[in-house]
Engineer: 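This is the structure I want to talk about, given as structure tokens.
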Amino acid sequence: MALFRTKTKEPDADPVRLDGVAFRYGNSPNILSDLSLTLPAGSFHFLTGASGAGKTSLLSLLYLSNLPTEGKLSLFGQDVAKASRNRRATIRRSLGVVFQDFRLLDHLSAFDNVALPLRVAGVSEENVKAYVSELLGWVGLDGLFEARPEVLSGGQKQRVAIARAVVGSPKLILADEPPGTVDDAIAERLMQLFVELHKLGACVIVATHNEHLVSRFPFPRLHIERGTLSVLPAVSHIEAGE
Amino acid sequence: MALFRTKTKEPDADPVRLDGVAFRYGNSPNILSDLSLTLPAGSFHFLTGASGAGKTSLLSLLYLSNLPTEGKLSLFGQDVAKASRNRRATIRRSLGVVFQDFRLLDHLSAFDNVALPLRVAGVSEENVKAYVSELLGWVGLDGLFEARPEVLSGGQKQRVAIARAVVGSPKLILADEPPGTVDDAIAERLMQLFVELHKLGACVIVATHNEHLVSRFPFPRLHIERGTLSVLPAVSHIEAGE
Amino acid sequence: MRSDLPTPRQSTMGHFIAGIVAVLVFISGIAVSAAGSIGGLLDTWNASVTGTLTVQVPGEAKAADKLAESVRDALLKTEGVKRAGVVPRAQAQALLRPWLGDAKLIADLPLPALVDVELAAPSTLTLERVDAAVKAVAPAAIIDDHRVWLNRIAEFAQALGYIAFILIGLALAALTLTVVFATRASLTEYTQTIEVLHLVGARDGYIASQFSWRAVRQALWGGVIGLLAFAPTLLALSWFARRIDPGVLPPISLPLPYWGGLAALPVAAAVIAFVAARATVARALRAMV
Amino acid sequence: MRSDLPTPRQSTMGHFIAGIVAVLVFISGIAVSAAGSIGGLLDTWNASVTGTLTVQVPGEAKAADKLAESVRDALLKTEGVKRAGVVPRAQAQALLRPWLGDAKLIADLPLPALVDVELAAPSTLTLERVDAAVKAVAPAAIIDDHRVWLNRIAEFAQALGYIAFILIGLALAALTLTVVFATRASLTEYTQTIEVLHLVGARDGYIASQFSWRAVRQALWGGVIGLLAFAPTLLALSWFARRIDPGVLPPISLPLPYWGGLAALPVAAAVIAFVAARATVARALRAMV
Ligand SMILES: Nc1ncnc2c1ncn2[C@@H]1O[C@H](COP(=O)(O)OP(=O)(O)OP(=O)(O)O)[C@@H](O)[C@H]1O
Ligand SMILES: Nc1ncnc2c1ncn2[C@@H]1O[C@H](COP(=O)(O)OP(=O)(O)OP(=O)(O)O)[C@@H](O)[C@H]1O
Ligand SMILES: [Mg+2]
Ligand SMILES: [Mg+2]
């Protein structure tokens with residue numbers, strides 16, 4: 001599988017660095033408090049925690065949808081709170097995000113949805129076509145290039161969302177419950193995408209409830225409980241991609 | 001647990017009866033073909049099949065969002081194709097549906113979303129308050145009664161959707177990937193809701209990819225493959241609710 | 001009726017439908033009052049121009065003057081006549097001076113006696129009455145009724161009335177179109193709500209009435225706002241008109257029936273919104289099984 | 001520019017903004033042309049009423065007739081005079097018949113000679129020129145210029161012009177308000193799209209320009225449709241006006257500058273839509289990190 005353009009140059013700074021980060025919505029109590037953590041390039045973590053623990057909230061800080069209420073968050077060595085809006089847009093182009101609710105654009109075909117990050121980044125239409133077609137084939141959506149999200153099944157939508165997240169060969173991948181609603185054969189393939197990018201040097205975080213999934217891969221877990229984060233060792237030591 | 005009003009009178013006819021049903025969207029090829037099946041009251045089935053196999057499509061026939069392209073579908077002994085629109089509305093009030101994409105109303109609080117089927121059916125506000133509060137508590141959403149879906153986490157939204165589906169003590173329950181994005185303790189509770197209703201005489205169908213879930217409960221599976229349905233025996237014989 | 005729908009505060013389109021109706025009611029108000037004022041203005045002007053006529057009573061001076069007084073008395077009893085008076089002979093002679101020049105000559109002329117008449121409401125009917133009254137007393141009298149002017153202005157006013165009518169019609173058509181348009185657009189925001197209500201077993205009538213009453217409230221509300229914005233504008237316009245020249249323009253003001261019509265605009269908008277909402281929801285529902 | 005947004009075919013609000021602009025341009029067109037036509041109509045009428053005047057040349061019949069001919073010749077050379085002619089004495093005498101009755105007596109009267117004058121463009125300036133020309137030839141001549149009428153109608157037309165101006169202003173204000181309103185409402189439909197574009201790394205300027213150009217296209221399109229609907233309406237109105245009475249109403253038609261103004265309406269709507277869209281998207285983006 002050669003789905004991704006290899007990076008010739010490793011990012012200089014750690015993709016994710018949290019220093020005493022706290023976060024809350026509006027005036028409600030803290031959802032996350034005093035998180036300090038550095039995730040280097042080429043790392044792979046699961047993100048676990050009960051429903052409502054704050055997994056999506058933590059990811060929303062990392063994909064720059066929210067800013068920390070306290071503390072400092074640096075992505076690729078840049079303090080996101082201090083970065084200009086255009087700078088943040090540039091950082092976002094190094095991210096690949098699978099949203100828990102997919103966030104596909106209903107008026108665009110599956111192909112155009114996946115192509116969106118490339119087009120926004122100004123990739124040539126020729127390359128867009130090549131990358132997107134290959135990736136959609138890989139996630140098992142051959143023949144559905146022109147289908148709009150409303151005619152896709154739940155699992156098909158999720159695969160489009162995952163393809164969109166990884167199409168730009170991002171250096172930081174944030175996936176919220178990615179293989180939740182697909183059968184195991186496909187879940188395996190989707191995980192392989194992340195693992196492959198991880199091997200190419202990307203920093204990957206996969207939020208999940210699926211204990212089966214967590215136990216299948218030898219990756220450490222970030223566990224959120226009562227607003228604080230702890231790093232737990234991998235549940236399993238079976239090598240991925242077998 | 002006494003969450004549900006017991007039915008004094010069993011429904012006379014089988015909740016679900018398919019006779020040579022086929023279904024396709026528009027002019028595309030058949031998604032489902034020649035399905036014949038009767039599900040009696042008090043039955044519990046898992047619905048399995050690969051992503052895109054047609055699970056949601058089959059459920060959409062049962063919750064009267066689509067009509068069969070061919071064949072006859074009867075719910076509670078009534079041919080749905082021949083029923084008047086008001087008649088169909090009445091049939092829908094006997095259904096509890098958990099949609100794969102939740103379909104909560106964004107402008108209503110969690111409480112009002114769950115209350116919707118009761119209010120549409122004209123239940124007194126006093127009873128609405130009692131039933132909805134108890135149920136929301138049961139699914140672990142105490143304190144989130146007034147929260148609107150946009151501030152809920154993915155798992156919390158799903159629990160609201162499930163509460164809405166079961167609040168009216170429906171006689172036919174159709175759940176599309178219900179415990180997909182919640183942790184196992186909560187998944188267990190949610191399954192208990194369905195099992196309890198099943199024991200009270202409801203006919204339950206739960207579509208899922210989660211093999212762990214399927215293997216935990218001693219219920220037979222309806223399996224969709226290449227457009228046809230086969231009934232497979234239960235994977236496990238461990239008694240539910242232990 | 002309990003509402004399972006977004007409250008207006010949460011609905012952009014709810015505001016929008018009210019806003020659009022406000023603007024359109026405002027415009028319709030302007031159209032109606034422009035038409036009304038121009039009509040009224042022409043009427044007033046028309047009256048000031050054509051509300052006078054002159055009766056010539058020919059004959060020997062003494063006799064003619066006597067007859068002229070009888071004609072005046074008869075006219076004063078005629079319906080629609082506001083004022084009637086015999087023109088003093090000296091004044092009548094003065095009228096001829098530019099033509100004849102020689103004052104002495106004029107005094108000797110057998111001039112007719114003149115009766116100056118002012119009508120309360122110049123109309124063909126009044127003119128016929130005047131004609132009959134005069135002819136009864138003095139069959140030889142000639143009525144100079146400036147009829148050419150009267151006809152011309154009456155025709156003009158009538159034509160303007162037709163056009164004003166058409167313009168109001170167009171404004172109302174635009175109002176209708178826009179309310180229908182805005183209602184339908186606002187309901188696309190609610191497609192998901194309609195679908196969910198449908199799926200939890202609500203009947204079509206229940207769903208349709210929820211949305212149509214909401215649309216009615218919004219249109220009414222917008223219509224009232226439009227009227228409230230329109231009233232001070234009318235006052236400002238009329239202040240401005242008075243400032244120009246109190247003589248030329250009568251105060252711009254609307255006859256009572258026009259106000260009635262304006263007040264009916266929000267109601268009309270509400271009715272249109274109701275029908276449009278019902279039809280739109282019914283169509284959305286028909287697409288659902 | 002490549003569009004990552006819904007094509008108008010898929011967008012209710014896209015249709016809607018075009019529709020609203022069409023309706024408003026149509027209304028503005030009606031307002032502008034009503035004002036223009038009423039103005040033009042009053043001008044024409046004004047001219048037909050006051051474009052004539054009578055010069056009385058007093059004196060002994062023969063001498064007066066001679067002098068009247070000189071006056072006529074002088075007037076024909078005066079700028080602004082369309083036609084001038086001596087009224088035959090017999091015709092002038094006929095005018096007096098109702099007053100005097102006796103034909104023989106009239107023939108003996110030292111009536112003034114009359115010159116009937118038609119002006120090309122009645123204005124104070126023209127009247128002054130006529131006055132000067134007449135006085136130079138016949139100092140004793142009297143000019144009966146219906147000045148009262150002239151003043152009255154001129155003032156009325158001017159006042160009506162002011163009001164028409166205000167009405168056009170109001171229509172344009174309504175157009176502006178509605179375009180701003182409709183643009184903002186239409187963009188709420190796109191909030192999700194804006195958010196997703198933002199999340200995949202599009203810059204604010206890129207997102208704003210996508211939406212503002214779309215709004216421009218929709219407003220322009222709507223404006224053109226409004227104009228296209230308006231043109232036949234104007235034709236129908238003018239046909240209707242001609243049918244009533246060709247003498248009373250001159251054909252309703254718009255002076256060229258008005259057409260220019262109407263053609264500018266879609267452009268104005270587009271500019272407003274552009275600014276409103278930019279501002280709305282900018283505000284939506286400011287709410288995102
Ligand atoms: N926009 C918001 N405004 C206010 N509160 C919010 C918002 N989004 C989430 N919350 C609250 O923050 C808490 C954490 O939510 P979050 O979505 O991060 O949970 P999660 O760990 O992703 O859960 P799940 O596994 O169910 O998706 C929840 O209690 C939720 O109600
Ligand atoms: N509205 C629609 N119009 C046309 N095709 C549709 C529509 N909805 C679904 N489909 C197609 O029908 C097929 C079955 O879809 P369905 O949603 O029933 O699958 P599913 O078994 O629920 O899959 P998943 O597990 O991924 O949710 C898919 O190929 C999908 O693309
Ligand atoms: Mg989450
Ligand atoms: Mg499905």
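The figures here come from the full heavy-atom set of this structure, side chains too, leaving out hydrogens, waters and symmetry mates. Keep in mind it's a predicted model, so treat the numbers as computed, not measured. Throughout, protein chains are lettered first and strands after them, A, B, ... in sequence-line order, and every chain is numbered starting at 1.
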Engineer: Taking N113(B) for its side chain and L105(B) for its backbone only, find out whether a donor-acceptor pair lies under 3.5 Å.
Structural biologist: yes

Engineer: Counting only non-hydrogen atoms closer than 4.5 Å, does R85(B) touch chain C with its backbone (N, CA, C, O), its side chain (CB onward), both, or neither?
Structural biologist: side chain

Engineer: Q78(B) and R87(B): side-chain hydrogen bond (donor to acceptor under 3.5 Å, both in side chains), yes or no, with the steps?
Structural biologist: CA-CA 9 Å; Q78(B) 298 168 66; R87(B) 189 82 226 125; 2.4 Å; yes

Engineer: Once the angle between the rings of Y63(B) and F99(B) is folded into 0 to 90°, is it parallel (under 30°), tilted (30 to 60°) or perpendicular (over 60°)?
Structural biologist: perpendicular

Engineer: With a 4.5 angstrom heavy-atom cut-off, is it the side chain or the backbone of I91(B) that approaches chain C, or both, or neither?
Structural biologist: neither

Engineer: Measure distances from D112(B) to the heavy atoms of chain C and classify the residue's part below 4.5 Å as side chain, backbone, both or neither.
Structural biologist: neither

Engineer: Do you know which of S94(B), A81(B), S65(B), A121(B) has the most heavy-atom pairs with chain C at a distance under 4.5 angstrom?
Structural biologist: S65(B)

Engineer: Under a 4.0 Å N-O cut-off, is there an ion pair linking R119(B) with E125(B)?
Structural biologist: yes

